[in-house]
Structure formats: C-alpha cells, structure tokens
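Nothing fancy with the numbering, it's 1 onward along the sequence.
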Amino acid sequence: MRVISGENKGRRLKAVNGRMTRPTTDKVKETIFNMIGPFFDGGAVLDLYGGSGALGIEALSRGARAAVFVDRAGAACQTIRENIALCRCENRSKVLKLDATRALEQLSNDGMNFDFGFFRSSLCEAAHSIRH
C-alpha cells in the first residue's frame, strides 16, 4: 500500500495488523481520485472508518488542507498516527478514536464542515466518496 500521487507519491504506508481491516487497494484509490480529480481543490477531508488512513493521507498528499480520521479500533488509530507521521502531515491531521455515529455527532457539534468524505465499512468492499 502506497501513496499514489502528490507530495508523498510512492511513500509506503503501514497496514493495520489483523483481519478486521481491509486496506483500500492502490487501484481503488487511484480510481476514486481520478473520478473526483476535477472537483478536488484542497479543502477538508473526513476519513470515516479510517483503517490505515490511506484515503485521507492520499487527499493530504494531493493538497487537502486538513483531514480528520475516525476509527473505533485503537490499533487502527495507532497505524493512522504512524502513517501521518511518515508523511509529515501531523499539523494538518486529527485522529479520533470513536465509533462513526459518535464522531459525526461530535464533529457536527464542533461545527466542522468537510469538502470530501470517505466512508467504507465491512459491508462494502469498495470505497465511496461524496462531495458536500
């Protein structure tokens, strides 16, 4: 697993140990960013069900100004933090160890707005992106 493009192009990312997390493949990441490319102009990104943080980190590498990563698993949050550090994105990143519902409530209460959101779950193998 690696960063496809941008300032961290080619950087290898760590995966979460265990079978509870399925990393987004490089091919899927590339497809997603090819689709949103014409609309991607930085902004803030929410990487819900963050896993390794690969999608949010890809967005940061391509110029997103900030990213919030959410995962309820401590191992995933630790992996996200390590990958953020590998890519030197700590000052543009925030990691929340919460389940998705609580995280969305907290972010809403804090008045957070996002330009892009990446959501994936064990029920859906493909990653989906939406633009608000």
- Least distance between heavy atoms, A103 atom then L98 atom: CA-CD1, 3.8 Å
- Query: Of the non-hydrogen atoms in S52 and A15, which two are nearest, and what is the gap between them?
  - Reply: CB-CA, 4.5 Å
- Query: Taking atom CD of E82 and atom CG of L13, what is their separation to the nearest 0.5 Å?
  - Reply: 11.5 Å
- Item | Main-chain N/O of G63 paired with E7 side-chain donor or acceptor, under 3.5 Å | no
- Query: So do R72 and R102 actually touch side chain to side chain, heavy atoms under 4.5 Å?
  - Reply: no
- Item | Chi angles and distances behind the side-chain contact (heavy atoms from CB on, under 4.5 Å) call for L107, V68 | CA-CA 9 Å; L107 293 166; V68 174; 4.2 Å; yes
- Item | Shortest non-hydrogen contact from K14 toward M1 | O-CE, 3.4 Å
- pair N83-L86: side-chain heavy atoms closer than 4.5 Å: yes
- Item | Donor-acceptor contact below 3.5 Å, side chain S93 vs main chain A67 | no
- Message: I'd like to know whether R88 forms a side-chain contact (heavy atoms from CB on, under 4.5 Å) with R11, so could you lay out the CA-CA distance, the side-chain angles of the two residues, the decisive distance to 0.1 Å, and finally the verdict.
- Response: CA-CA 11 Å; R88 297 180 182 98; R11 180 153 335 258; 3.7 Å; yes
- Write down the atom of C89, the atom of L60, and the distance for their closest heavy-atom approach. CB-CD1, 3.9 Å
- Task: Taking the side chain as every heavy atom from C-beta outward, state whether V3 and C87 have any atom pair closer than 4.5 Å.
- Result: yes
- Message: Can you tell me how far apart CD1 (I57) and CD1 (I80) are? Round to the nearest 0.5 Å.
- Response: 7.5 Å
- Task: Would you confirm whether D110, through its side chain, and M112, through its main-chain N or O, come within 3.5 Å as a donor-acceptor pair?
- Result: no
- Item | Same apolar cluster (I L V M F W Y, side chains within < 4.5 Å links), V45/V28 | yes
- Query: OG1/T31 to CD1/I36 distance, rounded to the nearest 0.5 angstrom?
  - Reply: 11.5 Å
- Task: Measure the shortest side-chain to side-chain distance between I32 and F116 over non-hydrogen atoms and say whether it is less than 4.5 angstrom.
- Result: no
- Is any side-chain heavy atom of I4 less than 4.5 Å from a side-chain heavy atom of R62? yes
- E105 side, atom CD; S108 side, atom OG - distance, nearest 0.5 Å: 8.5 Å
- Note on the structure: Minimal heavy-atom distance between G56 and D47, with the atoms involved, is N-OD2, 2.9 Å
- Query: Where do A85 and E90 come nearest, in terms of heavy atoms and distance?
  - Reply: CA-OE2, 3.2 Å
- Query: So, for F114 and F69, is the gap between ring centers shorter than 6.0 Å?
  - Reply: no
- Are L46 and L104 side-chain neighbours, meaning at least one heavy-atom pair lies under 4.5 Å? yes
- Judged by atom type as modelled, is there a donor-acceptor pair below 3.5 Å linking the side chain of K29 to the main-chain atoms of R2? yes
